Novice: 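This is the structure I have questions about; it appears just below.
Worth saying up front: this structure is predicted, and the values here are computed from it rather than measured. As a basis for the values below, the full set of heavy atoms in this structure was taken, side chains included, without hydrogen atoms, waters or symmetry mates. Chain letters run A, B, ... following the sequence lines, proteins first, then strands; residues in each count from 1.
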Amino acid sequence: MPVRLLPYWRLFLAGVHEQSTYRLAMLGGLVANATFGFLKVAMLFATVRAAGGTLRGYDIGSMSAYIWLSQGLLGSVNLNGVSDFAERIKTGDVAVDFSRPVSPQGAAVARDVGKAVAALGPRGVPSVAIGVLVVGMTMPTTAWPYLLGVPSLAVGITLSAALVYALATAGFWLIETRGVQVLYMVVSGFFAGLFVPIALFPGWLAAMASATPFPSMMMSPIDILTGRVTVARSSALLGIQVVWLAATVTAGLVLTRAGRRTLEVQGG
Amino acid sequence: MNEAVIATRGLTRDFVRRTRSGRLLRDRTVVRAVDELTVTISAGESVGYIGANGAGKSTTIKMLVGILVPTAGEVRTCGLDPLRQRRQLAHEVGVVFGQRSQLWWDLPVRESFSILAAIHRLARARAREREAELVEHLEMADYLDTPGRQLSLGQRMRAEVAAALLHTPRLVILDEPTIGLDVLSKQRLRDFLLAERRVHGTTLLLTTHDMGDIERLCDRVLVVDHGRLAYQGSLDGLARTVGAERVLTVDLAEPVADLTDVPRTRHLGSEGNGIRQRLAFDAEATTAGSVLAEVGRRAEIRDLTIEEPDIEDVVRRIYQSQR
């Protein structure tokens, strides 16, 4: 690994370790996710059955896979917009971040991705296990969906962390970013395909969703992992994800540079 | 003349404050936090930077290390431009913000050090050696496995100092390093900083409200008031001003008329019909003992306290004397 990246790798590991200290919180998160998972099962299964057993390519088994993967990713893909960095701007702790020989953006994103990856174990795996054991779900039996799905998932998680960081930079101007965060929470979950798969959206709404980075955070990794899309389409989706990631990181970089000029460290 | 570790010329920072005036309108006022500050600090110096709350100390520090952008003026720290070369500079400087933490709250102190070593890209052997040195000198061995959030204030401050000094910076900036510490903890921290300076030739710049910090640690002081440099010079010069007035508060057995006739004191005020009285005296002109004896001759003393002049007071006086 290039020496320049070592600090960020270490910060990623720090995030992993930090997350694993919140065992009880993760259990709580899992219970909440599972509860809403069963709610989604009730609604979406009924919808598929009402449509005669298949609906826009989904049957009961693949709908179940969508539900339990999406619930399982909730601990890792940031769809609530809450970030430590926003809090650090508000309290002035961001001064500490700027006194270190690393990019505050790189440091914040690396740590959040570490936390997200660490949450996959205690929140992601049990959620999928519930789907397999309790409800039953169909997963692909070939290697391709997994070979492309894992990097897609990694990009999706990183994209959400990078986007939430960029969102937090609004604090350089606004200080209190709760409004922006709530707006993100409302929009991102919907367009990421958390509540209903984007394939079930009416055409115009699906088009709107695809103009945002949100499907790349959750819907695309799920579509690839569950084998809903072809290898060619999977590669294309992965490409789109990478483009969104690059754009988001660039936006975060520009906003950090601009915000630094207006920064007033709160609380002396 | 040693090379300058810190050099500023006309360094200025304004903050814009918006206050509501009417339903939609907002008044925009510009507050000048640092006003044309020109100072030079040479390698190996230990400088106290003092002033009242809101005088612009922290703002100055944040400009010195590239956290805040100056409104005007020039600043070079360790020969670097703090804004353009912020990251390079961060390798040369260690900053302790007394009221902020650089530890990872949920992780053991040991891991915070390991993360910081990686951030500074220290070689593993070098990092281990330095950590062992700091752990020994700051007596941290007992709580290396404790998460940051569970440390007592005294433990945390030592860990903060260690965290800032892990990469053996040339310049150490401490913003209120002893705030809230008990006497013993303060003493330990000061001893450590003195030793660190002796061994590594570290340049120190510290802001504090504690006269003890200044007396023990600094050979030069800068006093800032309303963003302007009000005094700069030796500790002796400051000590003369500081020694000027102490305040004696006496609780008397029964109410007495105001004690305005005690020689070489100034009556500051009375409470409870004269049961409690406050007298200011100059420590160079008289002693606490003779003032007490004089008061004792006039009334029976039940209790007393003597206050050292605080820094705000010193600053006020220095500022007044310059006008």
Side-chain angles (χ1 to χ4, degrees), chain A residues 1-26 84 87-107 110-111 114-115 118 172-175 256-268, chain B residues 13-17 31 33 53-54 56-59 61-69 71 82-83 85-108 111-112 114-122 147 149 160 163-164 167 173 175-176 207:
Chain A
M1 184 179 302
V3 177
R4 278 179 61 86
L5 292 181
L6 276 177
Y8 303 102
W9 170 248
R10 187 63 187 82
L11 286 161
F12 166 82
L13 291 179
V16 171
H17 296 167
E18 278 179 286
Q19 185 68 33
S20 46
T21 62
Y22 311 136
R23 291 205 185 92
L24 210 60
M26 281 200 271
D84 198 51
E87 192 61 24
R88 293 180 73 81
I89 294 179
K90 204 166 97 182
T91 58
D93 282 347
V94 70
V96 173
D97 301 329
F98 275 103
S99 68
R100 290 186 173 147
V102 287
S103 132
Q105 180 189 24
R111 178 180 181 221
K115 286 184 170 186
F172 286 129
W173 293 273
L174 303 174
I175 311 300
T256 307
R257 289 218 177 123
R260 204 172 149 220
R261 303 210 73 86
T262 68
L263 175 67
E264 294 183 9
V265 174
Q266 306 299 314
Chain B
R13 172 72 201 225
D14 293 337
F15 289 111
V16 177
R17 292 279 164 269
V31 178
N53 289 328
K57 304 184 298 280
S58 292
T59 303
I61 285 176
K62 290 188 184 94
M63 288 193 283
L64 293 178
V65 295
I67 295 168
L68 289 179
V69 180
T71 306
L83 276 188
Q85 296 163 299
R86 180 184 71 79
R87 289 199 223 174
Q88 204 182 329
L89 179 59
H91 287 295
E92 309 275 349
V93 185
V95 195
V96 176
F97 298 102
Q99 309 180 61
R100 304 191 187 286
S101 182
Q102 37 185 333
L103 304 172
W104 276 257
W105 234 215
D106 295 313
L107 299 179
E111 186 163 358
S112 284
S114 138
I115 298 166
L116 286 166
I119 283 179
H120 283 285
R121 295 186 219 155
L122 303 181
R149 71 179 125 78
E160 297 290 350
H167 58 291
I173 299 179
D175 194 1
E176 304 278 0
T207 75

Novice: Based on non-hydrogen pairs under 4.5 Å, which of B:K57, B:H91, B:Q88 is most in contact with chain A?
Specialist: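 Maximum pair count with chain A is reached by B:H91.
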Novice: Which one wins on heavy-atom pair count under 4.5 Å against chain A: B:L83, B:V16, B:V65?
Specialist: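 Between B:L83, B:V16, B:V65, the count favours B:L83.
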Novice: Taking side chain as C-beta onward, heavy atoms only, is A:S103 less than 4.5 Å from B:R87?
Specialist: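 In short, these two side chains touch, coming nearer than 4.5 Å.
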Novice: Does any non-hydrogen side-chain atom of B:L116 lie less than 4.5 Å from one of A:R100?
Specialist: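 They are in contact (side-chain heavy atoms under 4.5 Å apart), so the answer is yes.
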Novice: With only heavy atoms counted, which part of A:R260 is less than 4.5 Å from chain B, the side chain, the backbone, both or neither?
Specialist: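 For A:R260, the contact with chain B is made by backbone and side chain together.
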Novice: Determine whether A:V96 and B:S101 make a side-chain contact, defined as any pair of heavy atoms from C-beta on separated by less than 4.5 Å.
Specialist: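 No - every pair of side-chain heavy atoms lies 4.5 Å or more apart.
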Novice: Step through the shown structure and confirm whether more than 12 heavy atoms of other residues, nucleotides or ligands are within 6.0 Å of CH2 on B:W105.
Specialist: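 It does: B:W105 CH2 has more than 12 such atoms within range.
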Novice: Need one label for B:P147: side chain, backbone, both or neither, based on atoms under 4.5 Å from any heavy atom in chain A.
Specialist: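 Neither part.
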Novice: Top residue by heavy-atom pair count (under 4.5 Å) with chain B, among A:D93, A:L6, A:T21?
Specialist: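 The residue among A:D93, A:L6, A:T21 with the greatest pair count is A:D93.
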Novice: Would you say that B:I115 contacts A:L13 through its side chain, given a criterion of any heavy-atom pair below 4.5 Å between the two side chains?
Specialist: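 No, side chains not in contact.
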Novice: Give the minimum heavy-atom separation between B:R86 and A:D97, together with the two atoms involved.
Specialist: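 Of all heavy-atom pairs spanning B:R86 and A:D97, the closest is NH1-O, 4.0 Å.
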Novice: So what's closer than 4.5 Å to chain A heavy atoms on B:L107: side chain, backbone, both or neither?
Specialist: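 B:L107 touches chain A through side-chain heavy atoms alone.
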Novice: Begin with the C-alpha distance, continue with both residues' side-chain angles, and end with the deciding distance and a verdict on side-chain contact (heavy atoms from CB on, under 4.5 Å) for A:V94 and B:I67.
Specialist: CA-CA 9 Å; A:V94 70; B:I67 295 168; over 6 Å; no
Novice: Supply the atom-to-atom distance B:L64 CG to A:S99 OG, rounded to the nearest 0.5 angstrom.
Specialist: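 Here the interatomic distance stands at 13.0 Å.
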Novice: Which heavy atom of A:P7 sits nearest a heavy atom of B:A118, and at what distance?
Specialist: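 A:P7 and B:A118 have their closest heavy atoms at CG-O, 3.6 Å.
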Novice: Given salt bridge (Lys or Arg N to Asp or Glu O under 4.0 Å), test B:E111 with A:R10 step by step and report yes or no.
Specialist: CA-CA 10 Å; B:E111 186 163 358; A:R10 187 63 187 82; 3.2 Å; yes
Novice: What heavy-atom pair brings A:L263 and B:L68 nearest, and what distance separates the two atoms?
Specialist: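 The answer is O-CD2, 3.2 Å.
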Novice: Do the non-hydrogen side-chain atoms of A:E264 and B:R17 ever get within less than 4.5 Å of each other?
Specialist: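 Side-chain contact under 4.5 Å: yes.
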Novice: Which atom names give the shortest non-hydrogen contact between B:W104 and A:A14, and what distance separates them?
Specialist: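 Closest heavy-atom pair between B:W104 and A:A14: NE1-CB, 4.5 Å.
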